[in-house]
Each structure stands twice: as structure tokens, then as C-alpha cells.
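Quick notes on the structure that follows.
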Amino acid sequence: MSEINTVVPKALLVYCRPGFEPDCAEEIADNASCDGSFERGDGWIVFTPSEKDPRALNSLVNKQLMFPRQVLLVHDRITLGGKDRLTPIVNSLKQIDSAFSDIWLEYPDTNDGKSLSSFCRKFGDYVAKAAAENNWLQPQRVRNRLHLFFPQQNEVFIASRPAKDTDWINGIPRLRMPVDAPSRSTLKLLEGILVLVDKPESKFREGMSAVDLGAAPGGWTYQLVSRGLKVFAVDNGPMKGSMDGHHQVKHIRDDGFKFKPKNPVEWLVCDMVEQPIRVAELMAKWFAAGNARRAIFNLKLPMKKRYLEVCKCFALIEAKLEKAGMSCKITAKHLYHDREEITVYLTVVKD
Ligand SMILES: C[S@@+](CC[C@H](N)C(=O)[O-])C[C@H]1O[C@@H](n2cnc3c(N)ncnc32)[C@H](O)[C@@H]1O
């Protein structure tokens, strides 16, 4: 792919959970303004559009896509044959002749990829030295981050993107497990809030009410409680640890598909393991009845045609809410803490 060696990016590099490369490709193809070809790696794909229009790539980089963990503009791809890995990278960057806010060295989220972590750490020192010598780092002036992605030790993609606060190295968030949370799935809702909700501190405020469907043992409830919300935790199973008997939590042993709140709530969250279309219908029902204004929920993914299934669920929600005279905004992400599911944020849009 040596023709990529130019200032104008000609391809897109996308990181994802290994095994979800076809879903990423389907979503990119569906959102791209032109056709193109895909190369599939393990935990990454490259999209090369057939038209030489950088706007096609720039618009994809700035889009909120579900399956990609990270989307980058590719400037070059180099095979690093000899012992000196730095010089070819320096030479390539001199041709790009650009300044960056930061430089990240990255690798795929696979066992082979993880074996490159110490190499990237050590090699990063040499890259930092070269960056200082060439004045590549100008964080006060630019927001563009340089990503050096090593699919293997002797190959590197030279790529960049406009830096975002919610970017993480390798596309993987490092979130600390709260010691008093009753389950690790608390990290899933935490990541969902950080990634999907704009200015979360204004959307989760003390005294607001929430319903958590499929709440036990209480990891999601914990996130809501720690933001000051009062939670109706609906599950036939027991709440555990700090969420068992907490003064902000009312545990209701009921079927999440039958439970109706006495009063509307600000937040609805749902982590029930169910058919995605049933969950989508349930969310639409709550919103159409005016029983919730915001929701975060999981859609379990089928083994095949996952992108299509998610699109069907979104279409159902939009149609039901349109029928109820409402418009809504749906954003979704295949989070690092998601496996065979996707996390969705649904809000009512005021006209
Ligand atoms: C993945 S766990 C939820 C974990 C929880 N979000 C947490 O962070 O601790 C799924 C939960 O959904 C509950 N569940 C499944 N179907 C349900 C239903 N129809 N009504 C209520 N709860 C249900 C299960 O009992 C189980 O506790």
C-alpha cells in the first residue's frame, strides 16, 4: 500500500474487538459516501475508498460509529525490514510535514498484539526523541494526534485523527473497578456513560429517579446511586453487597417486561439478557408512554448479521416513537466492556 505515502490520507484504519471486523466493515460501507475495498486484520480493518476524495474519509473519522473502537486516517504504511525501525518512520513523517498534539504507539487487542506492549513502550522513547528533534509536538497549536499502529513488530501504520477526550490508547479504556461495586458490569455502564452521554454531570443529578431493569446484583444501580439518583431496581434476583438495602435503592422483585413505574423517571437502564427486538420494543413502549426521558440499554447481538439486527431494532424504536409523535436520538457503541452486545443511549429530542 505504498501509494498511501502522501500528505492526503487515502485510507481509514479502524480498531475493533477481534471477531467483529466484518461488522465494522459493514457499518463503514453503509456510512461511506463511496465504494471501496476492505483489508481485514485481527482486531483491525483498513478501508480504501475507490474515489480519491479526502472528504469521504474525514467525514467517517468524525462520525459516531458503533463497532469501531477507533477510526484513523492513514498516511503511510511501512514494512520495517532492518534493525533500524526509526529512520523509515522519521523519513515518512518528514514527508507528511505536520505537527501533532500527541503521539501514541498502539497494537491490536489480540494475544500477539499484547506481546508488542513492551516493544511499543521502549520504542516510544526513541520516537519521542525524534519528535523533539523535529518539532512534531505542538499541543498548544494543534488537536491532531499521531498514531503509530503496529499490527506486528516489523510493520507500522502512520495515521492520525483529531484527538477527543474519550480516546483511549489502543481504543481500550482503563477504568478502575470501584471496590464497593457488586459486579464488574458496573464498568460497562461507566464506560457507556463516558462514551455516549455528552456532559454526563448535567444529565445525572442528585435527586433524579431511575429504573434499572435486570438490576441484580447491582453493578449498574451502583453507577446511578453514586451519581446521587434514587433507583427502582427491578429483578427477581437478589441485590448484593453495597446495593443490598441501600437507602437510595428500592428493590422490586418483578418481571422487567411487566413492571410499570408509578411516576415517570428521568433515566431507564436495562441489562436484561433478552432478544434484542424485545428490548427495543420495551424501550420504545416506555418512551412512548412518557415514562422515561433517557435510557441506556444493551442489545444482545446475534451470531450473524449483527449490524443488520441492530439497525432493525433502531428502526423499530424510531417508528414507534414517530407514531407517538416523538422524535428521538439514538447513539450506540460496541464498548470495550461489551462482548456479544451493544450499548445504546436513547433520548427524546425536543422540537
Ligand atoms: C447481566 S445481569 C444484570 C447485571 C446488572 N446490570 C449488574 O450490573 O449487576 C441480567 C439480570 O437480568 C435479570 N433478568 C433477566 N430477565 C429478567 C426479567 N424478565 N425481569 C427482571 N429481571 C430479569 C436477571 O435476573 C439478571 O439478574
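By convention here, the first residue in the shown sequence is residue 1. In listed order, ligands and their atoms are each counted from 1.
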The atoms of ligand 1 lying under 4.0 Å from a heavy atom of Gly214, numbered in the order shown, are 3 (C), 5 (C), 6 (N), 11 (C), 12 (O), 13 (C), 22 (N)
Heavy-atom count check: over 12 atoms from other residues, nucleotides or ligands less than 6.0 Å from Glu322 CD? no
Could you list which atoms of ligand 1 come closer than 4.0 Å to a heavy atom of Asp254? 20 (N), 21 (C)
In ligand 1, which numbered atoms sit nearer than 4.0 Å to a non-hydrogen atom of Gly218? 7 (C), 9 (O)
Among protein heavy atoms, which sits nearest to atom 27 (O) of ligand 1, and what does the distance come to when rounded to 0.1 Å? Asp235 OD2, 2.7 Å
Is the positively charged end of Arg278 above the ring of Phe257, judged by distance under 6.0 angstrom from the centroid and angle within 45° of the axis? yes
For Lys320, is there an ion pair with Glu281 - N to carboxylate O distance below 4.0 angstrom? no
One finds that the ligand 1 atoms under 4.0 Å from a non-hydrogen atom of Gly219 are 7 (C), 8 (O), 9 (O)
Are Arg306 and Phe20 in a cation-pi contact, defined as NZ or CZ under 6.0 Å from the six-membered ring centre and within 45° of the axis? yes
Looking at ligand 1, does any of its N/O atoms fall within less than 3.5 Å of an N/O of Ser183? yes
I'd like the name of whichever of Ser185, Cys270, Ala181 reaches closest to atom 7 (C) of ligand 1 through any heavy atom. Ser185
Can you label the angle between the Phe150 ring and the Phe119 ring as parallel, tilted or perpendicular, going by 30° and 60°? perpendicular
Test salt bridge (charged side-chain N to carboxylate O under 4.0 Å, His left out) applied to Glu341 and Lys300, Lys333, Arg17, the passing residue: Lys300
Quick check: does any side chain N or O of Asn135 sit under 3.5 Å from a backbone N or O of Ala131, one acting as donor and the other as acceptor? no
Please list the nearest protein heavy atom to atom 19 (N) of ligand 1 with its residue and the distance rounded to 0.1 Å. Asp255 OD1, 2.9 Å
Looking only at protein heavy atoms, which one is nearest to atom 6 (N) of ligand 1, and what is the separation? Asp271 OD2, 2.8 Å
To the nearest 0.1 Å, how far is atom 21 (C) of ligand 1 from its closest protein heavy atom, and which atom is that? Gly256 N, 3.3 Å
Tell me the nearest of Pro182, Ala216, Ala233 to atom 5 (C) of ligand 1, using heavy-atom distances. Ala216
Are Glu39 and Arg77 close enough for a salt bridge, meaning some N to O gap below 4.0 Å? yes
Report yes if Trp220 has an N/O atom closer than 3.5 Å to an N/O atom of ligand 1; otherwise report no. yes
Under 3.5 Å: donor-acceptor pair, side chain of Arg161, backbone of Val71: yes
Proximal candidate to atom 14 (N) of ligand 1 [heavy atom criterion; set Met272, Lys188, Glu341]: Met272
